[in-house]
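Counting from 1, the numbers follow the sequence of the chain as shown. As the structure lists them, so they are numbered: ligands from 1, and atoms in each ligand from 1.
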Amino acid sequence: MLSYCTLLLLLFCFCLKIVHHFLYDAETRLAIRKEAQAASFAFPGVFLRENFISEEEEKKLMSAMDQDSWNESQSGRRKQDFGPKINFKKKKVRVGGFSGLPAVSQKLVLRMQKEPNLAGFHPVEQCNLDYHPQRGSAIDPHLDDSWLWGERLVTINLLSNTTLTMSLERGLPELGLAEEVHVAVRLPRRSLVVLYGEARHRWKHAIHRDDVQERRVCSTYRELSAEFLPGGQQAELGAQLLNISLSFKGTPL
Ligand SMILES: *[C@@H]1O[C@H](CO)[C@@H](O)[C@H](O)[C@H]1NC(C)=O
Ligand SMILES: *[C@@H]1O[C@H](CO)[C@@H](O)[C@H](O)[C@H]1NC(C)=O
Ligand SMILES: *[C@@H]1O[C@H](CO)[C@@H](O)[C@H](O)[C@H]1NC(C)=O
Ligand SMILES: O=C(O)CCC(=O)C(=O)O
């Protein structure tokens with residue numbers, strides 16, 4: 001009986017979980033308060049470029065992607081991966097099988113490199129994810145690996161608008177927010193978003209089920225960490241990955 005009550009109490013508390021909600025403003029780079037008792041704050045580490053690709057390019061990209069097969073992934077997502085096989089637990093990278101990023105990405109990568117935050121951006125992985133409301137697609141809050149992957153995570157958002165939710169479970173004590181904090185970053189269709197700095201390493205990112213209203217596809221590009229760049233312990237492997245990746249002769253893994 002007691003445990004049943006305890007369970008109910010826990011459920012009650014869970015439902016009452018307080019979350020402070022903010023909305024990211026790309027122009028001022030502020031997280032704007034949605035509630036009276038909180039103040040807006042600077043939110044560094046997000047770069048957003050609207051209309052990164054044209055409608056025509058979106059059509060061509062999507063038709064190229066849909067010519068390859070999609071693999072089932074977690075949480076109702078489907079996936080196409082162009083990159084080395086990685087075992088993050090054992091910190092092992094296998095080059096075999098990786099044939100490079102797809103040809104259609106070459107001009108997009110060149111365009112990325114012209115963005116103020118993306119000088120010298122040389123991706124060694126492209127992961128395409130396909131979200132659909134009928135499959136309840138979502139991605140839980142997480143931080144991307146930083147052993148292999150470098151500072152900048154670059155995503156092109158296709159087919160529909162969505163919201164990337166940034167979260168800090170422990171709140172922001174420096175702002176007097178003791179409970180979980182969410183910052184909603186609106187991603188318009190055909191925009192490019194870069195996460196770096198605090199938005200890359202401190203805040204988790206997620207796509208909530210409710211924020212997938214129509215089919216939505218994204219391509220995320222990842223660069224190497226310092227360990228795999230010249231001067232790093234695994235520089236040779238890094239050079240090999242770059243060589244393959246930037247040949248743009250890829251077929252999916
Ligand atoms: C998508 O977002 C853009 C830019 O924020 C907005 O102008 C447009 O109306 C939105 N489209 C839909 C279908 O909600
Ligand atoms: C990549 O490797 C191939 C074969 O090992 C070599 O011929 C080529 O020059 C390399 N390309 C670059 C850009 O390093
Ligand atoms: C799907 O997974 C299989 C098995 O891992 C792999 O051989 C295939 O290339 C994958 N396809 C895509 C599009 O990622
Ligand atoms: O769907 C997105 O935009 C985010 C994808 C993501 O977080 C990931 O692939 O790790």
Quick check on the 6.0 Å ring-centre criterion: do Phe228 and Trp147 meet it?
yes
Specify the protein heavy atom at minimum distance from atom 3 (O) of ligand 4: its residue, its atom name, and the distance to 0.1 Å.
Arg216 NH2, 2.8 Å
Taking the six-membered ring for Trp and the single ring otherwise, decide whether the centroids of Tyr221 and Phe121 are under 6.0 Å apart.
no
Hey, is Ile139 touching ligand 4 through its side chain, its backbone, both or neither, going by heavy atoms under 4.0 Å?
side chain
At what distance is the nearest protein heavy atom to atom 5 (O) of ligand 1, and which residue and atom is it?
Pro188 CG, 4.4 Å
Pull out every atom of ligand 4 sitting under 4.0 Å from any heavy atom of Ile207, numbered as shown with elements.
1 (O), 2 (C), 3 (O)
Short check: is a protein heavy atom less than 4.0 Å from atom 7 (O) of ligand 1?
no
Those atoms of ligand 4 less than 4.0 Å from some heavy atom in Asp144
10 (O)
Would a 4.0 Å cut-off, counted as strictly less than, catch a protein heavy atom around atom 1 (C) of ligand 1?
yes
Nearest protein heavy atom with distance in Å, relative to atom 1 (O) of ligand 4
Tyr131 OH, 2.6 Å
Among Glu115, Arg190, Glu58, which residue meets the side-chain contact (heavy atoms from CB on, under 4.5 Å) test with Phe52?
Glu115
Provide the number and element of each atom of ligand 4 under 4.0 Å from a heavy atom of His142.
6 (C), 7 (O), 8 (C), 10 (O)
Give the residue, atom name and distance (to 0.1 Å) of the protein heavy atom nearest atom 8 (C) of ligand 4.
Arg222 NH2, 3.3 Å
Per-atom filter on ligand 4: closer than 4.0 angstrom to a heavy atom of Leu129 are 5 (C), 9 (O)
So which of Phe43, Trp203, Phe41 actually passes ring pair (Phe, Tyr, Trp, His ring centres under 6.0 Å) with Phe22?
Phe41
Answer whether the closest heavy-atom distance between the side chains of Glu180 and Leu168 falls below 4.5 Å.
no
Taking the side chain as every heavy atom from C-beta outward, state whether Val185 and Thr163 have any atom pair closer than 4.5 Å.
no
Side-chain donor-acceptor pair present, His132, Glu214, cut-off under 3.5 Å
no
Tested for salt bridge (charged side-chain N to carboxylate O under 4.0 Å, His left out) against Asp130, the lone hit among Lys79, Arg216, Arg78, Arg77 is Arg78
Check whether any heavy atom of Cys218 sits under 4.0 Å from an atom of ligand 4.
yes
Verdict with reasoning, His182 to His20, per ring pair (Phe, Tyr, Trp, His ring centres under 6.0 Å)
CA-CA 6 Å; His182 286 191; His20 300 288; 10.0 Å; no
Does any N or O atom in Asn161 lie less than 3.5 angstrom from one in ligand 1, N or O only?
yes
